[in-house]
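First the structure, in the form of structure tokens, and then the observations on it.
From a predicted model like this one, the values you see are computed outputs, not experimental measurements.
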Amino acid sequence: MRREAERLRARIDGAGAEEERIRADCVLDAADAGSVDEAVRALRAETRAAKEQREQVLATLSRLEEGTFGVCARCGAPIGEERMAALPHTRLCIACRRAEESAG
Ligand SMILES: [Zn+2]
């Protein structure tokens, strides 16, 4: 889990350099500017996803350290092994998840 956070961190840190590299290619082939924009957009979406994933991993780590992992953040009930296996980053039991969803 800790290693996963580090891996995601490296990917986020590398994204800036990766974007520069894509833009440098753009200078070599101006006709390709559209596809470069597309590549930059895709990279940014990927980086955003990696950041979100990293936040979830870090949140999971801190809950593991606090001993609240697998316990609902809202009602304190055990989340359940099956639900944790399906959604390892979840912080709510299924009843609270549904309550939050219907509350909008
Ligand atoms: Zn709950």
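Here CD of Q56 is found 12.0 Å from CG of L61. Values are rounded to the nearest 0.5 Å. E18 CD to E46 CD: the interatomic distance, rounded to the nearest 0.5 Å, is 8.5 Å. Atom CZ of residue F69 and atom NE2 of residue H89 lie 8.5 Å apart, to the nearest 0.5 angstrom. Atoms CD and OG1, on Q53 and T47 in that order, are 12.0 Å from each other to the nearest 0.5 Å.
Residue E66 qualifies as enclosed at atom CD: its count of foreign heavy atoms under 6.0 Å is above 12.
Side-chain contact check for R97 versus R74: every heavy-atom pair is 4.5 Å or farther apart. Residues C93 and C75 have side chains in contact (heavy-atom distance under 4.5 Å, counting atoms from C-beta outward). Taking the side chain as every heavy atom from C-beta outward, I79 and T90 approach each other to under 4.5 Å. No side-chain heavy atom of K51 sits less than 4.5 Å from a side-chain heavy atom of R48.
Residues D13 and R9 are paired through a salt bridge, judged by an N-O separation under 4.0 Å between the basic side chain and the carboxylate.
Minimum interatomic distance between L92 and R83 (heavy atoms only, all atoms of both residues): O-NE, 3.0 Å.
Both L64 and M84 are members of a single hydrophobic cluster when ILVMFWY side chains are connected at heavy-atom separations under 4.5 Å.
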